Number of protein chains: 2
Amino acid sequence: MSTPAGYDPRAYEPVAVTVDIVALTIRDGELHVLLVERGEEPFLKRLALPGGFVRTSRNARGGIRGETPDEAAARELAEETGLVPGSPRLRRVHLEQLATFGAPRRDPRMRVFSVAYLAFAADLPDPVAGGDAASAGWVPLDKVRRLAFDHNEILAYGLERARAKLEYTPLATSFVGPEFTISELRAVYAAVWGKDPHAGNFHRKVLSTPGFVVDAGAMTQRGGARGGPRSRLYRAGRATLLHPALLRPADAPARGRSR
Amino acid sequence: MSTPAGYDPRAYEPVAVTVDIVALTIRDGELHVLLVERGEEPFLKRLALPGGFVRTSRNARGGIRGETPDEAAARELAEETGLVPGSPRLRRVHLEQLATFGAPRRDPRMRVFSVAYLAFAADLPDPVAGGDAASAGWVPLDKVRRLAFDHNEILAYGLERARAKLEYTPLATSFVGPEFTISELRAVYAAVWGKDPHAGNFHRKVLSTPGFVVDAGAMTQRGGARGGPRSRLYRAGRATLLHPALLRPADAPARGRSR
DNA sequence: AGAATAGTGTCTTTCAGACACTATTTG
DNA sequence: CAAATAGTGTCTGAAAGACACTATTCT
């Protein structure tokens with residue numbers, strides 16, 4: 001009933017599929033998002049989420065070839081951050097599909113469906129400008145203004161997903177280096193949730209959640225910058241879901257306390 | 001860098017975007033999924049998830065018109081269930097986006113991205129065959145065999161989402177009629193989780209979760225078919241998130257208890 | 001009568017969160 | 001020394017889950 005007869009897509013309005021990435025990192029205790037300045041119309045010079053088309057082609061025998069959306073997102077992220085695909089730093093980045101945005105007029109030129117992705121990264125170097133994105137950089141969340149297309153909406157959706165994921169997955173470890181202290185981990189929660197969890201309770205809770213972190217067997221070389229004892233170092237554990245979860249404080253944004 | 005130059009999509013391999021729907025309902029205490037028999041190649045006569053193309057067109061002035069993916073999913077669901085769009089029964093159906101599946105060769109004919117949706121419905125009538133789907137019907141989950149395309153994967157993804165959503169949202173009420181007993185609600189959890197929660201604890205828990213259900217002020221006319229007192233009737237409350245959540249029993253499928 | 005079910009009471013264990021406190025390190 | 005921080009101890013209240021029990025209604 002709704003199948004284009006004979007599958008001749010040229011008889012139909014052409015559509016395109018892109019990926020857009022909400023890449024988050026933490027710098028100086030603040031959540032930052034990777035944005036690029038657009039180098040062309042529409043929204044020329046406006047900031048936008050990094051992204052691009054999902055590539056498709058055919059081989060000599062007419063077989064379909066191309067990227068999965070996941071692969072396209074990983075490629076775009078590598079391009080925009082200037083990191084080498086498959087490099088250790090990129091491999092520690094968590095990348096997951098968020099949702100697909102497909103309002104008919106979200107791009108004025110043609111029908112474009114955007115598969116949005118969410119990425120969690122430890123502090124990455126400032127990207128070098130290149131390609132058709134005039135420039136790219138990490139922008140603190142509270143400095144984000146009007147973005148191109150529907151990217152504000154996509155960003156908001158990604159933020160809420162990120163906040164929720166910290167509760168029941170160990171993904172906070174994707175925001176810190178391979179070895180980290182409990183305090184560094186707590187700083188991740190503070191930055192993403194906008195509220196610092198109680199230090200003592202947080203400490204005990206992280207250590208009592210099986211598979212969250214494992215002791216790296218070493219201590220920091222120095223105490224905190226403003227005093228305090230040295231602290232133990234940990235590595236990410238093998239758990240993929242936290243049990244019990246680390247619940248957001250009730251007054252943090254969008255805990256969803258019913259009514 | 002990855003923008004097709006000049007945005008002439010005809011210079012590029014054409015792509016299509018469809019919606020596919022994992023529509024779930026409960027019949028006789030068992031979870032069922034809506035499937036259609038394909039009326040054409042590929043996968044002729046194979047069962048598949050209902051779905052179809054997201055429609056796009058242009059108006060007289062060249063402006064882009066068309067459906068959002070949400071609208072396309074709602075339309076397809078109406079078509080395949082044989083219900084009137086906007087009818088009260090359809091309006092009680094919960095419909096949400098699941099994920100987008102876009103492996104390059106998931107459809108042998110051309111590059112097709114499928115935006116998958118999840119639908120929760122109270123017991124709906126058997127759909128009448130019509131359109132190009134040779135037939136459609138509700139199939140018990142344990143009778144589902146190999147589906148067309150990657151629809152087994154999409155179905156599995158939808159099931160896991162459904163199980164998780166029952167925990168922290170009141171969506172179980174979408175599976176029952178407008179007025180229901182606590183036992184009927186418990187039967188929803190039993191069917192979706194594959195394990196019947198403890199009746200007494202479930203009862204107390206549902207009533208103590210704010211906004212989950214509200215008293216409808218009436219009782220059933222008869223007790224249970226095999227005896228037992230009459231029970232109180234409830235309606236869905238206004239909560240969108242349950243707090244506290246109804247946790248799945250630890251031995252239920254995929255609780256993800258971390259090691 | 002006997003079986004099944006609705007709904008309540010109670011106890012134990014687990015966990016979240018508040019608070020206090022000690023030990024260690026920096027400036 | 002004063003301030004800051006790591007890490008632990010302890011208490012309270014909320015909630016999950018097990019179990020028992022009463023009352024009601026069906027065959």
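Quick note: numbers below take in every heavy atom, side chains included, and nothing from hydrogens, waters or symmetry partners. Note on naming: letters A, B, ... go to the chains in the order of the sequence lines (proteins, then strands), and numbering restarts at 1 for each one. All of these numbers come straight from a predicted model, not from anything done at the bench.
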Quiz item: Roughly how many Å is it from NE2 in His243(B) to P in dA15(D), rounded to a whole number?
Solution: 7 Å
Practice problem: Heavy atoms only: give me the nearest Leu77(A)-Ala119(A) pair and the separation to one decimal. | Solution: CD2-CB, 4.1 Å
Quiz prompt | Nearest-nucleotide pick for Ser183(B), side chain only, options being dT8(C), dA6(C), dG7(C) | solution = dA6(C)
Quiz item: Looking only at heavy atoms, which two atoms of Gly177(A) and Ala122(A) are closest? And how far apart?
Solution: N-CB, 4.5 Å
Self-check item: Sequence-distant partners of Arg230(B), side chain to side chain donor-acceptor pair (under 3.5 Å), two or more places apart
Solution: none
Quiz item: Where do Leu34(B) and Pro50(B) come nearest, in terms of heavy atoms and distance?
Solution: O-CD, 3.1 Å
Quiz prompt | Partners passing salt bridge (Lys or Arg N to Asp or Glu O under 4.0 Å) against Glu96(B) (at least two apart in sequence or in another chain) | solution = Arg161(B), Lys165(B)
Self-check item: Euclidean distance, atom CG of residue Leu207(A) to atom C1' of dC15(C) [Å, nearest integer]
Solution: 16 Å
Self-check item: Integer-rounded Å distance: dA4(D) P and Ile182(A) CD1
Solution: 22 Å
Exercise. Anything under 30° is parallel, anything over 60° is perpendicular, the rest tilted; go ahead and classify Tyr189(B) against Trp193(B).
Key: perpendicular
Exercise. Mind listing the residues from residues 197-204 of chain A sitting with a heavy atom below 4.0 Å of DNA chain C? Number order is fine.
Key: His198(A), Asn201(A), Arg204(A)
Quiz item: Can you name the residues that form a side chain to side chain donor-acceptor pair (under 3.5 Å) with Thr173(B), not counting sequence neighbours?
Solution: none
Quiz prompt | Length of the CG-P vector between Leu242(B) and dA14(D), whole Å | solution = 19 Å
Quiz item: What's the CG-C1' distance between Leu185(B) and dG7(C), to the nearest Å?
Solution: 15 Å
Quiz item: Nearest-Å distance, CZ (Arg222(A)) to P (dA6(D))?
Solution: 13 Å
Exercise. Quick one: list whatever passes salt bridge (Lys or Arg N to Asp or Glu O under 4.0 Å) with Arg222(A), sequence neighbours left out.
Key: none
Practice problem: Please list residues of residues 224-233 of chain A whose heavy atoms come under 4.0 Å from any atom in DNA chain C, ordered by number; otherwise none. | Solution: Gly224(A), Ala225(A), Gly227(A), Gly228(A), Pro229(A), Arg230(A)
Quiz item: Nearest-Å distance, CD (Glu184(B)) to P (dT5(C))?
Solution: 13 Å
Quiz prompt | Distance, rounded to the nearest Å, where Met219(A) contributes CE and dA23(C) contributes P | solution = 16 Å
